[in-house]
Amino acid sequence: MLRRGLAARACAPALLVLYGVFRLCGGARTLPALSDDIPFRLNWPGPDFSLPTTGIPYKEDNYIIMTTADKETYKCMLPLTASEHQEEEREYKGPTPGELLDPLFKQTSCSYRIESYWTYEVCHGKHIRQYHEEKEAGQQTNLQEYYLGNMMKKTSSDTGEKQEEGDKSEMHKKIPTKNIEGQMTPYYPIEMGNGTPCSLKQNQPRTTTVMYICHPDAKHEILSVAEVITCEYEVVILTPLLCSHPKYRFKTSPINDIFCQSLPGSPLRPQSLQKLEHQQETIRAPFKPNKEEERQGVKEKFSTIHKPVTVGSQQHVTVGTTHISKLTDEQLIKEFLTGSYCFHGGVGWWKYEFCYGKYVHQYHEDKDTGRTTLVVGVWKEEQHLEWAKKNTARLYHPPDEGVQTVRMVSHFYGGGDTCELTNKPRQVIVKLKCKESESPHAVTVYMLEPQTCQYILGVESPVICKILDTADENGLLSIPN
């Protein structure tokens, strides 16, 4: 990490690369004003590189040409400073947030979230429904449902027009933000009213604020549902539609990355920098970190919230949606069911790791202290079978032309680390659900804690649709023929 304004300090030799190793080439942009409050970090990405599309904004023409004392030349892309970013926001003439979301309102699409008992349905621009259904073989479905909000049967066009009026009147006002997983995140609110009457509030209708936030890799997933006041709710939706608006763009990291690419005839990184780093490595050799600390350092370098992270040969997005298209369906199913391919999720302090038939872990990674892991549950088939005698391990879709298909299976993982609050082992119910998606290899992972140290881990994916019908009466899955 670098900080401008530290060039004269011995503790920031890397920053001297800009002011010592480099000389500014005439006619290029000048370096921005120095400030100790803005951290910088130099990167040498090589020729195959494209600017980040999330987080701190960049512009193709915002660069400087730097020349070293050895006549090596580099094109260094500079991040927009706060004032430049504010200027970009002021100059923005594109669609309003309501107009950006209008295609979603015009579709007949709904987003779903399964929790321990309730399922939440958000049909965008139409209604929000909370429901629980039970169906036993040969019996009618028992449905319990509440509408948390409606758009009063307005058309999507009416919705867009109403929101557009609000957009224009609010154009110069501060964008509301919400603390999401420890970071203040801008959101665009949609108010829904006229829900099911609430008996706890003199039969007043339930109301909900739907908060749309930018996430470039999302598919309009429901991130969270909360009852903030009795019968008044907040629903957070991740959507890529707002990301083209600078005021709603997610600011992922306070560190400003400077990307320097070598020009023809120059090495990937300056020779003097390589010598300097070699000297520093020699000095630090007696204090060299162990292998685990080195791995944590590498992970920290790439651990930006809401950004794809490479782990081994696979990718996962820490918000909970994993894209696993590098494996064929057959390979993926086999590796998943044998526990050799694990799913990851979580965007806050805690992340989750689920290895089928092995364990569920909750962990936090820190560059200084390393990885802290809690065992939430361990797979033991005999414990699951005992649990399945008292609980429903396999749920079905309503019959379609006499054919009944499995909708979800639940597995019990017990014997986790002892909970300090209950003095009992942690345990988790893993719910594997078929979820259709535009991406055939997307996986959404989330964790809930309905009771102290007793968890629900939801795993939803089109991939799971391919294996659910192999479930036996105890919910145990097998590799399809």
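Nothing fancy with the numbering, it's 1 onward along the sequence. Please read these numbers as outputs of a predicted model, since none were measured by experiment.
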Working to the nearest 0.5 angstrom, can you tell me the gap between [X] [atom1] and [Y] [atom2]?
| X | Y | atom1 | atom2 | value |
| --- | --- | --- | --- | --- |
| Cys434 | Leu395 | SG | CG | 13.0 Å |
| Lys247 | Cys214 | NZ | SG | 15.5 Å |
| Asn62 | Met77 | CG | CE | 7.0 Å |
| Thr239 | Met211 | OG1 | CE | 15.5 Å |
| Arg113 | Tyr120 | CZ | OH | 9.0 Å |
| Thr196 | Leu148 | OG1 | CG | 7.5 Å |

Please list, one pair per line, the donor and acceptor atoms closer than 3.5 Å that link side chains of residues 380-387 to other protein atoms, with sequence neighbours excluded.
unit_1	atom_1	unit_2	atom_2	d
His384	ND1	Phe412	N	3.1
His384	NE2	Asn474	O	2.7

ask   = Once the angle between the rings of Tyr58 and Phe259 is folded into 0 to 90°, is it parallel (under 30°), tilted (30 to 60°) or perpendicular (over 60°)?
value = tilted
task = Kindly state whether the ring of Tyr212 and the ring of Tyr248 have centres lying under 6.0 angstrom apart.
result = no
What heavy-atom pair brings [X] and [Y] nearest, and what distance separates the two atoms?
| X | Y | result |
| --- | --- | --- |
| Thr207 | Gly193 | CG2-CA, 4.0 Å |
| His361 | Val376 | C-CG2, 4.2 Å |
| Thr452 | Thr422 | CG2-CG2, 3.9 Å |
| Val360 | Val430 | CG2-CG2, 3.8 Å |
| Leu104 | Leu241 | CB-CD1, 3.8 Å |
| Met151 | Glu191 | SD-O, 3.7 Å |

remark   = Paired with His411, the ring-ring contact (aromatic ring centres under 6.0 Å, His included) test is passed by just one of Tyr359, Tyr356, Phe354, namely Tyr356
task = Please say whether more than 12 non-hydrogen atoms of neighbouring residues, nucleotides or ligands are located less than 6.0 Å from NZ in Lys201.
result = yes
Can you confirm whether [X] sits close enough to [Y] that some side-chain heavy atom of one is under 4.5 Å from a side-chain heavy atom of the other?
| X | Y | result |
| --- | --- | --- |
| Leu432 | Ile467 | no |
| Leu242 | Ile213 | no |
| Pro97 | His245 | yes |
| Lys431 | Ser410 | yes |
| Cys231 | Arg206 | yes |
| Tyr413 | Tyr455 | no |
| Met192 | His127 | no |
| Thr185 | Lys178 | no |

ask   = Any sub-3.5 Å donor-acceptor pair from Asn150's side-chain atoms to Asn194's backbone N or O?
value = yes
key: Side-chain donor or acceptor of Asn423 paired with backbone N/O of Thr418 under 3.5 Å   = no
query = Going through the distances and angles, do Ile128 and Tyr233 end up as a side chain to side chain contact (heavy atoms under 4.5 Å, CB included)?
reply = CA-CA 10 Å; Ile128 303 171; Tyr233 307 85; over 6 Å; no
key: Set of side-chain contact (heavy atoms from CB on, under 4.5 Å) partners for Glu145, sequence neighbours left out   = Arg129, Tyr131, Leu143, Tyr147
Partner of Ser111 under side-chain hydrogen bond (donor to acceptor under 3.5 Å, both in side chains), chosen from Glu221, His124, His220 = His124
ask   = Going by an N to O cut-off under 4.0 Å, is there a salt bridge joining Glu460 and Lys219?
value = no
request  = Apply side chain to side chain contact (heavy atoms under 4.5 Å, CB included) to Ile190 and Phe105, showing your working.
outcome  = CA-CA 11 Å; Ile190 297 287; Phe105 298 147; 4.0 Å; yes
Verdict with supporting geometry, Gln362 and Tyr352, side chain to side chain donor-acceptor pair (under 3.5 Å) = CA-CA 5 Å; Gln362 187 178 40; Tyr352 321 118; 5.0 Å; no
